[in-house]
Amino acid sequence: MEYAVSNIATQDLDVDSLVVCLHKDASNLAGAVPEATQATIKALVEAGDFTGKKQQVLTLFSPEGLKVKRLILIGTGVDENTPLNIVAFTKLATEVQKAVANTGSQSAAWFIDNLQVEGQDKTWHVREASRTLADAQYRYTHYKSKPAPAPKVNNWQIISHADKNRAALALKEGVAVAKGMALTKDLANCPPNDCFPEILAEQALALAEEYPALKVKIITEEEAFEMGMGAFCAVAQGSENEGRIIIFEYGDMKASPAALVGKGITFDTGGISLKPGAGMDEMKYDMGGAASVFGTIKALCELNAPVNVVGLVVAAENMPDGSATRPGDIVTTLSGQTVEILNTDAEGRLVLCDGLTYVQQEYSPSVVVDIATLTGACVIALGAHAHGVMANDAELAHALLEAGDNTGDRGWPLPLWDDYQQQLDSPFADIANIGGREAGTITAACFLSRFTKEARWAHLDIAGTAWVSGGMKKAATGRPVPLLTRFVLDGAGQ
Ligand code: BES
Ligand code: MN
Ligand code: ZN
């Protein structure tokens with residue numbers, strides 16, 4: 001697929017489909033198309049054929065005043081008094097893509113100058129339009145014997161009067177982030193029999209082959225054990241598939257890189273504290289945090305971004321075999337602190353704590369952000385819309401929230417007060433790995449905070465946002481790659 005941005009007048013466009021999104025009563029029509037075409041559209045509005053309501057699609061073949069084969073009008077559902085918000089704008093791109101995919105078009109253009117998200121400039125619109133448009137092309141058909149035929153479109157143009165050079169960069173960034181998201185989705189959608197820690201390690205090495213600027217190091221489970229990663233190994237030891245720690249080095253590792261640490265549980269059965277059967281298949285996406293580290297690194301590589309980032313993925317399969325960890329087992333973490341494992345299903349924090357200690361010891365990072373499908377409680381608290389954001393540093397939390405607001409990939413803060421810490425007390429070890437029924441998302445973060453005392457650290461709980469659940473809708477979302485990429489490009493909270 002080719003993507004381009006230009007400021008060509010729509011009457012000079014020579015593509016199969018031109019898409020224009022119109023508010024109620026076509027109030028944002030001026031400037032989008034020449035007078036003759038406007039007259040046709042106004043007649044359609046007057047006749048009641050087009051109202052501009054949300055998701056309305058109307059196609060004009062051989063439209064008056066234009067060279068394009070089709071003019072596709074899409075309703076935004078917005079009127080002058082209710083400005084378009086970021087989320088509505090990004091959803092619109094999905095409809096634009098769908099409308100064109102439903103035609104025989106090979107080339108298409110989307111005119112975006114008549115859309116204005118409050119507080120955002122033209123360059124932002126180019127970036128988000130290209131990102132969401134490219135992301136909407138994603139399909140996962142790897143295991144379908146007869147996949148539905150792919151849409152014929154191979155060329156997309158975004159039409160905007162944004163400054164030419166800045167628009168070109170914005171388009172490049174949008175497409176790069178979409179590519180990163182596609183990798184994240186591929187990994188999280190992949191079935192757990194074909195996506196286990198060794199495979200993730202292979203995928204990481206393949207990425208380093210593709211991008212010479214990227215270096216990858218792998219730590220095997222045996223090496224992790226020798227190094228003293230007792231918590232990581234407690235999770236990995238119950239599976240035939242060995243655990244792996246994967247390290248991405250992008251940029252200068254001596255310059256206090258930003259660290260991204262991803263939970264990579266390639267399947268979470270719960271271990272001996274076995275999960276109920278219904279919906280357990282979806283626990284293949286318990287490596288969504290890891291997948292978002294892969295995707296963000298890929299986006300940065302695509303952009304040749306001048307940043308220093310270390311990505312660390314703690315990959316293990318949480319299975320209940322004869323050598324699995326028991327509830328009551330006490331392990332020693334890489335930090336030296338001991339943990340009483342009361343519930344083997346609270347495994348994410350166990351693999352993460354050793355990864356967090358390691359990345360701090362080895363890289364002296366300027367900031368540490370971990371990304372994890374950590375708690376079901378976060379799905380209950382925030383649903384599918386916002387990542388849970390917890391941090392020991394207010395500025396860092398702010399930078400993450402801003403990056404989310406700027407991309408529509410939003411997070412929301414939860415408190416990390418000391419008051420919650422006592423829920424992790426254990427009579428036998430330094431810490432217990434669960435904190436009871438109350439505030440499960442926060443106590444999980446409290447657990448991690450015990451291992452990040454010296455760092456500026458934040459935690460993203462993406463249990464609700466990395467995946468769409470249920471039936472035929474089941475799919476990875478590619479989140480929070482847009483947030484993370486923006487965060488890093490904007491200086492990683494410094
Ligand atoms: N991977 C799960 C969390 C999860 C649940 C992610 C639902 C996505 C959707 C995690 O490992 C887990 O099992 N957490 C437990 C913690 C509990 C035992 C303290 C949970 O949330 O129930
Ligand atoms: Mn679990
Ligand atoms: Zn898990």
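Order of listing sets the numbers, starting from 1, for every ligand and every atom in it. Keep in mind that the numbers below use all heavy atoms, side chains included, and drop hydrogens, waters and symmetry copies.
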So, [X] side chain and [Y] main chain: donor-acceptor pair closer than 3.5 Å or not?
X      : Y      : result
Glu242 : Pro197 : no
Arg244 : Leu200 : no
Thr477 : Ala466 : yes

Run the numbers for me: atoms of ligand 1, each under 4.0 Å from some heavy atom of [X], listed by number.
X      : answer
Glu347 : 11 (O)
Thr373 : 1 (N), 2 (C), 3 (C), 6 (C)
Ile434 : 19 (C)
Thr375 : 3 (C), 21 (O)
Asp286 : 1 (N), 11 (O)
Lys263 : 1 (N), 10 (C), 11 (O)

For [X], which part has a heavy atom under 4.0 Å from ligand 1: side chain, backbone, both, or neither?
X      : answer
Asn318 : neither
Tyr285 : side chain
Lys275 : side chain
Met287 : neither

Glu347, N/O/S atom nearest the Mn ion (ligand 2):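 For Glu347, the N, O or S atom at the smallest distance from the Mn ion (ligand 2) is OE1.
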
Considering only N, O or S atoms of Asp268, the one closest to the Mn ion (ligand 2):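 Atom name returned: OD2.
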
Look at [X] together with [Y] and state whether they make a salt bridge at an N to O cut-off of under 4.0 Å.
X      : Y      : result
Glu95  : Lys98  : no
Lys263 : Asp286 : yes
Asp409 : Arg486 : no

Protein contact to [atom] [nearest heavy atom, distance to 0.1 Å]:
atom                    : result
atom 2 (C) of ligand 1  : Asp268 OD2, 3.6 Å
atom 20 (C) of ligand 1 : Gly376 N, 3.9 Å
atom 7 (C) of ligand 1  : Met283 CE, 3.7 Å
atom 10 (C) of ligand 1 : Leu374 O, 3.3 Å

Centroid separation Phe196 to Phe267 less than 6.0 Å: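 No - the distance between ring centres of Phe196 and Phe267 does not fall below the 6.0 Å cut-off.
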
Under-4.0 Å protein heavy-atom contact, atom 13 (O) of ligand 1: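 Neighbour list for atom 13 (O) of ligand 1 includes protein heavy atoms (cut-off 4.0 Å).
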
Side chains of Gln360 and Thr452, donor plus acceptor under 3.5 Å: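 On atom types as modelled, these side chains do not qualify, holding no pair under 3.5 Å.
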
Donor + acceptor pair across side chains of Thr344, Ser273 (<3.5 Å):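 Ser273 and Thr344 do have a side-chain donor-acceptor pair below 3.5 Å.
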
Candidate with minimal heavy-atom separation from atom 15 (C) of ligand 1, of Val235, Asn343, Asp345, Ile265: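 That would be Asp345.
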
More than 12 heavy atoms of other groups within 6.0 Å of Lys91 NZ: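 Atom NZ in Lys91 is not packed in, count stays at 12 or less.
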
Glu223, CD atom: more than 12 neighbouring heavy atoms under 6.0 Å: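 Atom CD in Glu223 is packed in, count exceeds 12.
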
Working for side-chain hydrogen bond (donor to acceptor under 3.5 Å, both in side chains), residues Thr441 and Thr375: CA-CA 6 Å; Thr441 302; Thr375 64; 2.9 Å; yes

Any heavy-atom pair between the side chains of [Y] and [X] that's under 4.5 Å?
X      : Y      : answer
Ser449 : Asn392 : no
Asp186 : His142 : no
Leu300 : Leu489 : yes
Leu350 : Phe447 : yes

Under 2.8 Å from the Zn ion (ligand 3) - protein N/O/S, by chain and number: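 Listed by chain and number, the nearby protein N, O or S atoms are Lys263 NZ, Asp268 OD2, Asp286 OD2, Glu347 OE2.
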
Metal check, the Mn ion (ligand 2) vs Asp286 N/O/S, cut-off below 2.8 Å: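 Looking at Asp286, which is the residue asked about, there is no N, O or S atom under 2.8 Å from the Mn ion (ligand 2).
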
Close N or O approach (Arg349, ligand 1; < 3.5 Å):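 By distance alone, the answer is no.
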
